[in-house]
Amino acid sequence: MGRGKTEMRRIENATSRQVTFSKRRNGLLKKAFELSVLCDAEVALIVFSPRGKLYEFASSSMQETINRYMVHSKNTNIEKRMPEQNAQQLKLEVAAMAKKIELLEGYKRKLLGESLGSCSMFELHEIESQLEKSLRNIRGKKQHMLAEQIAELKEREKTLTEENLVLRHKAEVSLQLNENRESVENNENDEEDIEVETELFIGRPGSRRQCNINA
């Protein structure tokens, strides 16, 4: 007949409770030893009896294992707290950013001449000074851009003038060449049109009749 299932509750009888504690304690220490040997695990076991007596087992050094546990536990707690701290910090940053945006929007409206009813004389003076400063900056930027455009136009004008001079020179050279070519052709034509007179004598010597032949 098999053993019955033990009910998990406090044993009321003191003697039975002490016997059970001794058996379970020895079994637990044995299991801890086996776990450390079979699995090459670092095991530390601490047990206090109902009377406060200490029973312990450590596969290496109890103090080193406890220190290792404390470091690990501290890091784990920090890692658990980090998301909460980050979330809280993020909420604070979002709130601060929203506040800044609200202030900037209000200042922008005042610069546009809106929502001035709640402004004091000092605030109005500050807004006026800021607008004058902005206007000076805008005018300065505008003048700078105009100066750059004027300089660019002058440079383009200079380039176009130089190109025009080059083209004019080429045109004059081409015209001179055409005039020279026409002059040469005219001279050749004039030479061909010159009349040449020759004498032709017909008959015997002494009785020859002279005839003029124009060529």
Side-chain angles (χ1 to χ4, degrees), residues 5-10 21 24-25 27-156 159:
K5 185 177 180 181
T6 304
E7 184 179 359
M8 287 292 106
R9 64 182 180 85
R10 181 175 181 274
F21 172 78
R24 297 295 178 103
R25 178 203 63 203
L28 183 59
L29 294 173
K30 181 180 179 182
K31 292 294 183 181
F33 170 75
E34 293 175 352
L35 180 63
S36 64
V37 174
L38 296 176
C39 301
D40 195 22
E42 184 177 354
V43 179
L45 175 63
I46 299 176
V47 179
F48 287 95
S49 70
R51 297 179 180 179
K53 186 177 180 179
L54 173 64
Y55 300 90
E56 63 180 57
F57 167 80
S59 58
S60 57
S61 169
M62 175 63 73
Q63 189 60 46
E64 291 179 359
T65 303
I66 292 175
N67 292 337
R68 182 178 179 184
Y69 168 77
M70 295 297 293
V71 172
H72 178 76
S73 178
K74 181 179 179 181
N75 293 337
T76 302
N77 292 333
I78 292 175
E79 291 176 358
K80 289 180 179 179
R81 288 195 301 268
M82 281 297 292
E84 297 178 358
Q85 294 176 353
N86 292 338
Q88 186 65 25
Q89 182 66 26
L90 184 60
K91 289 181 180 179
L92 294 176
E93 292 178 358
V94 170
M97 185 63 66
K99 186 64 176 179
K100 289 182 180 179
I101 293 174
E102 183 180 356
L103 293 175
L104 290 174
E105 289 292 336
Y107 190 68
K108 176 184 176 182
R109 288 193 297 269
K110 292 177 181 179
L111 289 176
L112 295 175
E114 303 173 359
S115 304
L116 298 177
S118 60
C119 293
S120 63
M121 183 61 67
F122 177 78
E123 290 176 337
L124 291 175
H125 179 71
E126 288 292 324
I127 293 172
E128 183 181 11
S129 300
Q130 183 61 43
L131 288 174
E132 291 176 352
K133 181 179 179 181
S134 300
L135 186 59
R136 287 195 300 269
N137 293 336
I138 293 172
R139 288 174 177 171
K141 181 63 176 180
K142 181 180 177 181
Q143 291 176 357
H144 179 70
M145 293 179 67
L146 288 174
E148 288 183 346
Q149 291 179 358
I150 291 173
E152 183 179 355
L153 290 174
K154 288 183 177 180
E155 187 66 25
R156 289 184 61 186
T159 302

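Just so we're clear, the structure is a prediction, and the values are computed from it rather than from any experiment. We're numbering straight along the sequence, starting at 1.
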Q.
Is there a side-chain contact between Lys31 and Leu45 in this structure, where contact means two heavy atoms from C-beta onward sitting under 4.5 Å apart?
A. no
**Q.** Reported CD-to-CD1 distance for the pair Gln63 and Ile66, which is rounded to 0.5 angstrom
**A.** 5.0 Å
Q.
For a quick test of reading the model, state the closest non-hydrogen atom pair linking Glu56 to Leu54 and the distance between them.
A. OE1-CD2, 3.4 Å
Q | Pairwise distance CG(Leu90) to CE(Met97) - rounded to 0.5 angstrom | A | 10.5 Å
Q: Answer yes or no: is there a side-chain heavy-atom contact under 4.5 Å between Glu128 and Glu132?
A: yes
**Q.** Spatial distance of atom OG (Ser120) from atom CD (Glu126) [nearest 0.5 Å]
**A.** 9.0 Å
Would you mind writing out the side-chain donor-acceptor pairs for residues 144-152 within the sub-3.5 Å range, not counting sequence neighbours?
from	atom 1	to	atom 2	distance (Å)
His144	NE2	Glu148	OE2	2.8

Q. Does atom CG of Asn137 have more than 12 heavy-atom neighbours, drawn from other residues, nucleotides or ligands, at distances under 6.0 Å?
A. yes
Q | Nearest-0.5 Å distance that lies between atom OG1 in Thr65 and atom NE2 in His72 | A | 13.5 Å
Q: Might you point out which heavy atoms bring Ser49 and Tyr55 nearest each other, and give the distance in Å?
A: CB-CE1, 4.0 Å
Q | Interatomic spacing from CG in Leu104 to CZ in Arg109 - rounded to 0.5 Å | A | 10.5 Å
**Q.** Ser59 to Ser36 - nearest heavy-atom pair and separation
**A.** CB-CB, 3.6 Å
Q) Is the CD atom of Glu64 crowded by more than 12 outside heavy atoms at less than 6.0 Å? A) no
Q) Just wondering, are more than 12 heavy atoms of other shown residues or ligands nearer than 6.0 Å to CZ in Arg25? A) yes
